Student: 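Below you'll find the structure I mean.
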Amino acid sequence: MSEPSSTLPRLGQWHGPEDLRRLQEKQLAETFTWAARSPFYRARLTSGAPPVTPADLADLPLTTKQDLRDNYPFGMLAVPRERLATYHESSGTAGKPTPSYYTAEDWTDLAERFARKWIGMSADDVFLVRTPYALLLTGHLAHAAARLRGATVVPGDNRSLAMPYARVVRVMHDLDVTLTWSVPTECLIWAAAAIAAGHRPDIDFPALRALFVGGEPMTDARRRRISRLWGVPVIEEYGSTETGSLAGECPEGRLHLWADRALFEVYDPATGTVRADGDGQLVVTPLFREAMPLLRYNLEDNVSVSYDDCACGWKLPTVRVLGRSAFGYRVGGATITQHRLEELVFSLPEAYRVMFWRAKAEPALLRVQIEVAAAHRVAAEAELTHAIGAAFGVDSEVTGLAPGSLIPLDALTSMPDVVKPRSLFGPDEDWSKALLYY
């Protein structure tokens, strides 16, 4: 990995917890000064001495997602408007938007954090960005990180009608894409689309060297399935639109929090207590965020944080992101979670080629549908039924569906017509798309 171009902390600059704490304390006072310039924190921080050490933060109340919504759009702004480089909103659809904004200097920190991939990013790479652009941060973030390292970016926004799955497969194959960024589910859909186009994912994309994924919880079983389908490592990333990248994966396969660039705490909503490690909701204080400082921002993501040593030598805390996997639905006397159920589905033999599934938790029965070829259907149904019973102790109805039932073949192969607006049509043309031009 090439050296960052800025003077911000970089991997290997500290040698243990004490060094890391000194790095945090060095920046904390300036972070607090920045925060006090925003209307929100100016009203909140009316008394008390500014924090000098991470422990001092414990006297400050948590900042919530609702605080961000209540202060939409610029109540959190701590710099003059003309210094802003970008404005973003999270993907949530309920209530007021959750705003987020960054200066050009903030973007240096953002891009460097995302670029901390153990496999490296360089000018030799062709990088497919397959997450949303628009108001979300994710596509812009990956794009900026790739350009920081000199890579060629293929902006394949997964919310664009101009980029159907057939086109994704074509550009991956024809442009010799080396790296990709998407949610894990996309990688499975690409594999199905590649197969539909007559390709073998693990053979016919020889330039591909890694798949970067984030945005949804992923079990080890699903990671292994994706990795074997494509024949490359699957490298996980964790973050949010409000904060950018917060953790990245090391060569040992563990997610490490970027604790040189942010302070992290773990909040237990049941007791109201906050710790440095353990299980609970992740609380973050970015240390190099000037446009919109956040002090003790509660992401409300369920995590497990540990400061145990890792063989990678990064000397950073590790995190397991549980996300929504901590929540589930009752069936009989058991709670069914997507995380545990996904592990069972992707633990079926690879020969069955099960990639897509769905389930419905009813009061007394768990209904599961999986796409599986006819030759393996009976065995897959029986094995998954048994695994569910052993894991949860509930009755289930597992139904094998023909491939194409959950992900239609047309969705994998079609190239829909996306045109520019047009008002004049000939006598035999469909003019219904004059304004809805797709």
Side-chain angles (χ1 to χ4, degrees), residues 69 72-73 84-101 126-144 146-147 152-177 180-199 201 204-205 213 215-216 241 355-358 360 369 371 401-438:
R69 296 187 187 103
Y72 165 85
L84 290 184
T86 60
Y87 171 90
H88 304 273
E89 292 179 4
S90 61
S91 58
T93 57
K96 288 184 178 179
T98 302
S100 191
Y101 21 89
V126 179
F127 186 33
L128 172 66
V129 178
R130 183 62 176 171
T131 59
Y133 279 69
L135 280 177
L136 293 180
L137 185 73
T138 170
H140 305 279
L141 177 59
H143 192 124
R147 292 303 306 133
T152 299
V153 177
V154 181
D157 186 338
N158 73 330
R159 288 296 180 264
S160 171
L161 294 168
M163 198 69 180
Y165 292 113
R167 194 171 193 178
V168 171
V169 169
R170 177 177 65 75
V171 299
M172 287 181 68
H173 181 269
D174 295 354
L175 304 185
D176 291 328
V177 166
T180 68
W181 166 237
S182 70
V183 295
T185 297
E186 281 270 334
C187 301
L188 293 169
I189 297 175
W190 302 340
I195 293 167
H199 298 302
D204 297 330
F205 299 80
V213 300
E216 59 177 342
T241 287
M355 290 192 287
F356 307 116
W357 64 282
R358 66 184 181 186
K360 180 177 288 188
Q369 294 180 335
E371 280 193 4
L401 305 175
S405 300
L406 299 180
I407 299 288
L409 182 62
D410 183 62
L412 303 176
T413 60
S414 66
M415 292 285 283
D417 184 27
V418 180
V419 298
K420 294 181 179 179
R422 178 176 160 210
S423 298
L424 179 62
F425 293 79
D428 299 322
E429 292 182 305
D430 178 8
W431 68 348
S432 65
K433 296 183 179 181
L435 299 177
L436 296 176
Y437 51 99
Y438 48 84

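Residue numbers start at 1 and run along the sequence shown. Computed from a prediction, not measured in an experiment: that's the story for all the values here.
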Student: Could you list the residues that satisfy side-chain hydrogen bond (donor to acceptor under 3.5 Å, both in side chains) with T86, not counting sequence neighbours?
Tutor: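 With sequence neighbours excluded, T86 shows a side-chain hydrogen bond (donor to acceptor under 3.5 Å, both in side chains) to H88, W107, given in chain and number order.
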Student: Rounded to the nearest 0.5 Å, what separates atom NE2 in H143 from atom CZ in F127?
Tutor: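 Those atoms lie 10.0 Å apart.
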Student: Considering residues at least two apart in sequence or located in another chain, which fulfil the side-chain contact (heavy atoms from CB on, under 4.5 Å) criterion with L84?
Tutor: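 Partners of L84 by the side-chain contact (heavy atoms from CB on, under 4.5 Å) criterion, ordered by chain and then number, come out as F74, L77, V79, R81, Y101, A291.
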Student: Taking C-beta and beyond as the side chain, do V213 and C187 meet within less than 4.5 Å on heavy atoms?
Tutor: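 Of all side-chain heavy-atom pairs linking C187 with V213, at least one is under 4.5 Å.
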Student: Closest heavy-atom contact between A134 and H140?
Tutor: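 Residues A134 and H140, closest heavy atoms: O-NE2, 2.9 Å.
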Student: Restricting to non-hydrogen atoms, name the atom on L128 and the atom on V168 that form the minimum distance, rounded to 0.1 Å.
Tutor: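 Residues L128 and V168, closest heavy atoms: CD2-CG1, 3.9 Å.
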Student: List the residues meeting side-chain contact (heavy atoms from CB on, under 4.5 Å) with T131, not counting sequence neighbours, and say none if there are none.
Tutor: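 So T131 forms a side-chain contact (heavy atoms from CB on, under 4.5 Å) with V129, T138, W181.
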Student: Quick one: side-chain hydrogen bond (donor to acceptor under 3.5 Å, both in side chains) partners of S432, sequence neighbours excluded?
Tutor: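 Result, side-chain hydrogen bond (donor to acceptor under 3.5 Å, both in side chains) vs S432: D430.
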Student: Looking at M172, is its backbone amide N or carbonyl O close enough to the side chain of R170 to form a donor-acceptor pair, meaning the two atoms are under 3.5 Å apart?
Tutor: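 No, because the side chain of R170 does not come within donor-acceptor range (under 3.5 Å) of the backbone of M172.
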Student: Tell me the salt bridge (Lys or Arg N to Asp or Glu O under 4.0 Å) pairs involving residues 127-136, sequence neighbours left out?
Tutor: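 Pairs touching residues 127-136 that pass the test: R130-E186.
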Student: Specify whether H173 and H199 have parallel, tilted or perpendicular ring planes, treating 30° as the upper limit for parallel and 60° as the lower limit for perpendicular.
Tutor: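 Ring orientation of H173 relative to H199: parallel.
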Student: Let me confirm one number: the OG1-CG distance from T241 to L141, rounded to the nearest 0.5 Å.
Tutor: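 Rounded to the nearest 0.5 Å, the OG1-CG separation comes to 9.0 Å.
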Student: Listed by chain and number, what are the side-chain hydrogen bond (donor to acceptor under 3.5 Å, both in side chains) partners of Y87, not counting sequence neighbours?
Tutor: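 Applying side-chain hydrogen bond (donor to acceptor under 3.5 Å, both in side chains) to Y87 gives E89.
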Student: Could you report the tightest heavy-atom contact between I195 and P201, atom names first, then the distance?
Tutor: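 Closest pair (atom of I195, atom of P201, distance): CG1-CD, 3.9 Å.
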Student: Scan the side chains in residues 401-416 for donor-acceptor partners under 3.5 Å anywhere in the protein, sequence neighbours excluded, and list what turns up.
Tutor:
| unit_1 | atom_1 | unit_2 | atom_2 | d |
| --- | --- | --- | --- | --- |
| S405 | OG | A402 | O | 2.6 |
| T413 | OG1 | L409 | O | 3.0 |
| S414 | OG | D410 | O | 2.8 |

Student: Can you list the residues that meet the side-chain hydrogen bond (donor to acceptor under 3.5 Å, both in side chains) rule with S182, with sequence neighbours excluded?
Tutor: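 Residues passing side-chain hydrogen bond (donor to acceptor under 3.5 Å, both in side chains) with S182: none at all.
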Student: Identify each donor-acceptor pair in which a side-chain atom of residues 153-162 lies under 3.5 Å from a protein atom, sequence neighbours left out, and give them as a table.
Tutor:
| unit_1 | atom_1 | unit_2 | atom_2 | d |
| --- | --- | --- | --- | --- |
| D157 | OD1 | R159 | N | 2.7 |
| D157 | OD2 | Y133 | N | 3.3 |
| S160 | OG | A162 | N | 3.1 |

Student: Once rounded to the nearest 0.5 Å, what's the spacing between atom CZ of F356 and atom OG1 of T185?
Tutor: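 Taking CZ in F356 and OG1 in T185, the distance rounds to 8.5 Å.
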